[in-house]
Protein chains: 2
Amino acid sequence: MKIATYNVNGINGRLPVLLRWLEEAQPDIVCLQELKAPQERFPITAINQAGYQAIWKGQKSWNGVAILAKDREIIEVQRSLPGDDDDVQSRYIEAIIDQIVICCFYVPNGNPYPGEKFDYKLAWIKRLQKRSQQFIDMELPAILIGDFNIIPNAEDVYKPERWENDALYRKEVRKAYRELIRKGWIDSIRNLFPEEKIYTFWDYLYKAYERNAGIRLDHILLSPLLKSRLKSGGVDKYVRGWEKSSDHAPVWIELNKK
Amino acid sequence: MKIATYNVNGINGRLPVLLRWLEEAQPDIVCLQELKAPQERFPITAINQAGYQAIWKGQKSWNGVAILAKDREIIEVQRSLPGDDDDVQSRYIEAIIDQIVICCFYVPNGNPYPGEKFDYKLAWIKRLQKRSQQFIDMELPAILIGDFNIIPNAEDVYKPERWENDALYRKEVRKAYRELIRKGWIDSIRNLFPEEKIYTFWDYLYKAYERNAGIRLDHILLSPLLKSRLKSGGVDKYVRGWEKSSDHAPVWIELNKK
DNA sequence: GTGACTTAGG
DNA sequence: CCTAAGTCAC
């Protein structure tokens with residue numbers, strides 16, 4: 001089973017690119033972030049025609065997340081991240097597919113640091129830690145997947161010294177990521193490729209992709225129960241080179257059958 | 001010699017369509033309106049690559065006119081319509097090509113009627129009448145060509161009764177058009193096709209093109225000296241059906257050699 | 001640099 | 001409906 005995450009940066013403007021990638025990559029489960037579309041403007045017809053069921057949580061202009069699945073039932077569990085009823089941003093959706101809990105999310109960017117937005121990011125991650133710990137405690141097969149807006153380590157950014165005070169790399173958020181790992185979550189891509197330079201995002205500005213000035217932001221974390229099923233994975237970097245591409249590339253793993 | 005007019009409704013957004021049409025239609029002289037680009041953003045490189053020389057008068061956001069010519073010298077004569085030095089709108093450009101005076105323009109829309117904008121339109125047309133009369137008086141071969149924003153007659157609109165109080169069809173502007181004809185200008189398309197229903201514009205709204213709910217706004221008027229050289233003409237209506245087309249279609253004539 | 005939104009003009 | 005342009009967020 002192939003499971004992927006892709007920050008599309010606008011589901012409607014990105015539709016041709018998304019459909020082309022779905023056709024070529026044939027993922028079974030896809031988590032999307034940054035739909036940038038209100039609930040009623042999600043292109044469900046085109047997604048269905050491509051062979052996928054979907055659940056999604058839209059929002060006008062910003063954020064928005066979705067889970068797509070091919071030939072599989074999607075059981076929606078949550079449409080927001082528990083822990084703050086006043087949070088109106090559409091950044092989290094959770095479902096059970098094939099008996100695995102899929103937590104698809106888009107962590108707040110958090111810039112500028114310091115400031116309110118950074119505080120919101122830290123608070124959001126705390127809620128995510130809390131929610132995710134429940135799956136660990138219950139010993140459920142679960143996946144944390146999406147745009148974490150966290151660069152986990154120095155080897156995940158082309159020029160770490162430039163990023164010290166960026167909310168994507170601040171020590172507080174790296175610490176939160178390490179905390180997840182300490183609790184048992186497995187960074188699947190880093191597990192498969194312990195030494196390689198792997199990026200998932202290249203800024204639109206300054207020819208970042210051509211210079212490979214990238215960062216690793218999009219992650220797929222497996223709960224301990226799933227570790228033994230991890231078969232392969234990768235970043236579809238070439239998609240970032242397509243016309244009218246997102247600034248992120250799709251990231252995917254394959255799990256062996258239970 | 002093939003001479004055409006095309007209101008492109010945004011030269012940069014329309015560039016692929018324009019280049020495709022130039023390639024297919026192979027006009028010798030092309031008058032463009034509604035460039036909607038400042039002087040420095042006219043895509044002269046692409047136009048040159050397509051084989052055309054050009055002169056143009058740009059304006060930020062609105063209006064803007066250009067004259068293109070293939071393998072012919074363009075002698076620029078005017079960059080604005082004489083008669084009002086305070087008029088800052090880029091609606092008129094005049095050149096001599098192959099010993100013919102080419103007056104390329106974009107008459108003000110004039111809506112809503114009544115109002116200041118309608119008054120500006122009438123005043124603008126008066127200046128055009130004055131300028132054009134000079135060519136008649138001097139017995140020069142000349143062409144008035146562009147988007148007149150005038151529906152000359154009831155047969156030039158799909159539903160005339162709906163348009164009585166629209167600035168494109170108000171009796172004042174139709175009278176001004178008749179006045180040009182009375183002075184000797186020849187409506188080349190109507191001369192070639194006295195009885196046919198011919199439109200050059202279909203609104204983007206309400207599926208106007210699919211319903212053929214069109215109007216005739218773009219005209220090519222010949223000074224008396226050129227009447228005998230009129231060989232053929234037409235509206236490239238199919239261009240309006242292309243993806244990302246303008247709301248106008250190109251209009252063209254062919255002149256016999258002198 | 002890019003997307004979504006808003007506004008103005010048609 | 002469609003364009004250009006200005007705004008905001010990333």
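Chain naming here is simple, since letters A, B, ... match the order of the sequence lines and numbering starts at 1 in each.
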Q: Quick check on contacts: within residues 145-154 of chain A, what sits under 4.0 Å from DNA chain C by heavy-atom distance?
A: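 When residues 145-154 of chain A is checked for heavy atoms under 4.0 Å from DNA chain C, there are no hits whatsoever.
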Q: Cut-off 3.5 Å, no hydrogens considered: what does the side-chain donor-acceptor table look like for residues 16-25 of chain B, sequence neighbours left out?
A:
unit_1	atom_1	unit_2	atom_2	d
B:Arg20	NE	B:Glu24	OE2	3.2
B:Trp21	NE1	B:Asp236	OD2	2.8

Q: Just jot down the ring pair (Phe, Tyr, Trp, His ring centres under 6.0 Å) partners of B:Tyr238, sequence neighbours excluded, or say none.
A: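 For B:Tyr238 the ring pair (Phe, Tyr, Trp, His ring centres under 6.0 Å) partners, ignoring immediate neighbours, are B:Trp242.
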Q: Applying salt bridge (charged side-chain N to carboxylate O under 4.0 Å, His left out), which residue pairs with at least one partner in residues 151-162 of chain A are found, sequence neighbours left out?
A: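 Listed by first then second residue: A:Asp156-A:Arg190, A:Asp156-A:Arg216.
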Q: Could you tell me from which nucleotide to which nucleotide of DNA chain D, 5' to 3', there is an atom under 4.0 Å from chain A heavy atoms?
A: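 Listing 5' to 3', DNA chain D meets chain A from D:dA9 to D:dC10.
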Q: Show the distances under 3.5 angstrom between N or O atoms of the protein and N or O atoms of nucleotides 6-9 of chain C.
A:
unit_1	atom_1	unit_2	atom_2	d
C:dT6	OP1	A:Lys60	NZ	3.1

Q: By side-chain hydrogen bond (donor to acceptor under 3.5 Å, both in side chains), which residues pair with A:Asp203, not counting sequence neighbours?
A: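 Partners of A:Asp203 under the side-chain hydrogen bond (donor to acceptor under 3.5 Å, both in side chains) test: none.
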Q: Tell me, which pairs form a salt bridge (charged side-chain N to carboxylate O under 4.0 Å, His left out) where one or both residues lie in residues 81-90 of chain A, sequence neighbours left out?
A: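 Found A:Asp87-A:Arg127.
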Q: For residues 237-249 of chain B, which residues have at least one heavy atom under 4.0 Å from DNA chain C?
A: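 Output list: empty, so none.
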Q: The criterion is salt bridge (charged side-chain N to carboxylate O under 4.0 Å, His left out); which residues satisfy it with A:Arg240, sequence neighbours excluded?
A: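 Listed in chain order: nothing, the list is empty.
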Q: Can you name the side chain to side chain contact (heavy atoms under 4.5 Å, CB included) partners of A:Ala54, sequence neighbours left out?
A: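 If we apply the side chain to side chain contact (heavy atoms under 4.5 Å, CB included) test to A:Ala54, skipping adjacent residues, the hits are A:Phe42, A:Ile44, A:Ile47, A:Trp56, A:Leu68.
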Q: Once ring pair (Phe, Tyr, Trp, His ring centres under 6.0 Å) is applied, do any residues pair with B:Tyr177, and if so which ones, sequence neighbours excluded?
A: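 Result, ring pair (Phe, Tyr, Trp, His ring centres under 6.0 Å) vs B:Tyr177: B:Phe148, B:His219.
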